[in-house]
Participant: 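Structure in structure tokens, see below.
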Number of protein chains: 2
Amino acid sequence: MTSRATRAAGSDEAIAAGSAGDDLIELLFFAYRDFVGDPDRILAQYGFGRAHHRVLHFVDRYPGLTIAELLDILRITKQSLNRVLKDLIGQDYIAQKTGTSDRRQRLLFCTPAGTALAGDLIDVQARRVARALAEPDPGVGTGLATAESFLFGMIEPDERAAVRRLMARRIRSVA
Amino acid sequence: MTSRATRAAGSDEAIAAGSAGDDLIELLFFAYRDFVGDPDRILAQYGFGRAHHRVLHFVDRYPGLTIAELLDILRITKQSLNRVLKDLIGQDYIAQKTGTSDRRQRLLFCTPAGTALAGDLIDVQARRVARALAEPDPGVGTGLATAESFLFGMIEPDERAAVRRLMARRIRSVA
DNA sequence: GAGTTATGTCAGTGTTATTGACATATTTCA
DNA sequence: TGAAATATGTCAATAACACTGACATAACTC
């Protein structure tokens with residue numbers, strides 16, 4: 001018997017493990033889907049993808065980042081990183097400098113163009129976050145309700161009705 | 001001049017647009033990275049990937065979902081869906097039934113094996129969510145602080161120190 | 001019966017990722 | 001000083017996941 005089956009049987013341990021969080025898990029999917037959608041549209045105009053975005057973002061925010069640090073943050077292989085990094089360096093969005101204390105290291109920095117693009121990308125995402133935070137909060141509820149409210153607010157406004165309609169199928173059948 | 005540049009100059013509009021949310025944006029990356037990491041490890045044992053997970057999840061939660069509905073939820077093409085759906089049907093995790101009112105439709109349902117796997121996957125994610133919600137909240141703070149606290153709680157505990165250390169590089173240079 | 005809708009499928013392509021192996025420069029340390 | 005470890009770069013092959021465009025079939029609508 002799986003743990004989920006146990007939860008269906010209504011054990012306290014199982015409920016504590018988070019049956020109530022199932023909606024939140026789904027909202028995280030929808031929130032992230034729309035969250036990355038904004039920058040994707042901008043990046044496409046430059047011939048870049050999501051991988052380029054991640055590299056650009058972290059280099060912009062943490063100038064002087066080394067290759068090893070970036071690999072640890074992104075959890076990808078050297079080969080994967082190198083592909084996108086080559087693009088960004090070749091098109092002058094990122095520059096490398098040899099490390100001073102350790103000359104094996106390549107310290108990464110954004111060029112002015114890189115900083116500008118990174119700024120545009122974080123702007124569009126920050127706007128979405130700001131809007132989500134400005135949404136009316138259900139008030140004194142559980143942390144769960146607050147988290148769900150925030151994630152729902154991250155969803156593209158035009159899509160919220162569809163998500164609400166979909167999730168209502170399930171809420172009805174449970175409550 | 002980009003909007004980000006404007007924000008650097010300290011305009012109110014720009015600050016309202018979410019300079020303060022930059023940390024949150026980054027935390028969303030780390031939270032999602034670890035959030036999908038749990039199921040990925042389980043799925044690998046079945047030879048499945050993230051795409052299989054998404055299909056299995058939504059079919060499990062919304063039995064009788066049609067192909068068109070699934071395409072709209074996942075925002076992928078028919079061809080992409082069909083590849084993973086074929087795997088899941090071929091290995092008996094999902095079954096199709098012809099629609100009753102509209103016989104063109106293929107209604108999707110989980111088999112017992114599909115429900116069990118979907119349950120195991122949501123369990124491991126629900127545990128992470130439950131842990132994040134159980135984390136001590138900074139209390140009466142802004143919605144921003146609460147959201148950041150939740151997302152930080154979603155990060156794998158062993159990795160939190162590294163994330164905190166990284167982000168401290170920036171917080172220091174701003175404050 | 002004509003047009004639309006829901007689904008399936010073929011062929012080709014692109015992005016992002018992987019593993020494994022090997023090369024080079026530099027630093028560390030015994 | 002010389003050996004080992006570290007940081008990075010690169011080659012080749014592969015896989016997962018996505019795309020576009022085109023076409024086919026069955027079933028519904030009018």
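Below, each value reflects all heavy atoms present in this structure, side chains not excepted, and no hydrogens, waters or symmetry copies.
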Participant: Take atom CG of B:Leu43 and atom P of D:dA16, then tell me their distance rounded to the nearest Å.
Facilitator: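 My rounded result for the distance is 13 Å.
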Participant: Quick check on the 6.0 Å ring-centre criterion: do B:Phe58 and A:Phe29 meet it?
Facilitator: yes
Participant: Rounded off to whole Å, could you give me the CZ-to-C1' distance for the B:Arg83 and D:dA15 pair?
Facilitator: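 These atoms are roughly 10 Å apart.
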Participant: I want to confirm an ordering. Mapping B:Ala51 and A:Lys86 to their closest nucleotides on DNA chain D, which one lands closer to the 5' end?
Facilitator: A:Lys86
Participant: Would you say D:dC17 has OP1 or OP2 under 4.0 Å from some side-chain N or O of B:His52?
Facilitator: yes
Participant: Below 4.0 angstrom, N of the basic side chain to O of the carboxylate: do B:Arg61 and A:Asp23 qualify?
Facilitator: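 Yes, this pair counts.
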Participant: Return the orientation label for the A:Phe48 and A:Tyr93 ring planes: parallel under 30°, perpendicular over 60°, tilted otherwise.
Facilitator: perpendicular
Participant: For B:Asp87 and D:dA15, what is the distance between atoms CG and P respectively, to the nearest whole Å?
Facilitator: 14 Å
Participant: Inspect the contact between A:Arg33 and A:Glu156 and indicate whether a charged nitrogen and a carboxylate oxygen are less than 4.0 angstrom apart.
Facilitator: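 Salt bridge absent between A:Glu156 and A:Arg33.
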Participant: Within the pair A:Ser80 and C:dT16, is there a side-chain N or O less than 4.0 Å away from OP1 or OP2?
Facilitator: no
Participant: What residues, two or more places apart in sequence or in another chain, satisfy side-chain hydrogen bond (donor to acceptor under 3.5 Å, both in side chains) together with B:Asn82?
Facilitator: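 With neighbours one apart ignored, the set is empty.
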Participant: Scan B:Glu69 against the nucleic acid and name what it touches under 4.0 Å (heavy atoms): base, sugar-phosphate only, or nothing.
Facilitator: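 Nothing, no heavy atom under 4.0 Å.
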Participant: What is the nucleic acid contact for B:Arg50, judged by heavy atoms within less than 4.0 Å: base, sugar-phosphate only, or nothing?
Facilitator: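 Sugar-phosphate, no base atom in range.
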Participant: Using a 4.0 Å cut-off on protein heavy atoms (strictly under), produce a 5'-to-3' string for nucleotides 19-30 of chain C with B for base contact, S for backbone-only sugar-phosphate contact, and - for none.
Facilitator: BBB---BBS---
Participant: Please report the distance, rounded to the nearest Å, between CG in A:Leu70 and P in D:dT8.
Facilitator: 10 Å
Participant: Could you state the CG-P distance from B:Asn82 to C:dC10, rounded to the nearest angstrom?
Facilitator: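 Interatomic distance, CG of B:Asn82 to P of C:dC10: 10 Å.
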Participant: How many Å lie between CD1 on B:Ile76 and P on D:dA16, as a whole number?
Facilitator: 15 Å
Participant: Roughly, in whole Å, what's the span from CD1 in B:Ile89 to C1' in C:dT7?
Facilitator: 12 Å
Participant: Would you kindly give the CG-to-P distance between A:Leu65 and D:dA7, to the nearest whole Å?
Facilitator: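 It is 14 Å, rounded to the nearest whole Å.
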Participant: For the residue pair B:His53 and B:His57, does the interplanar ring angle fall in the parallel (under 30°), tilted (30 to 60°) or perpendicular (over 60°) class?
Facilitator: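 It falls in the perpendicular class, over 60°.
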Participant: Measuring from the side chain of A:Arg54 (C-beta onward, heavy atoms only), which nucleotide among C:dT7, D:dT8, C:dT16 has the closest atom?
Facilitator: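 Closest nucleotide to the A:Arg54 side chain: C:dT16.
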Participant: Contact between B:Val84 and B:Arg54 at the side-chain level, heavy atoms closer than 4.5 Å - yes or no?
Facilitator: no
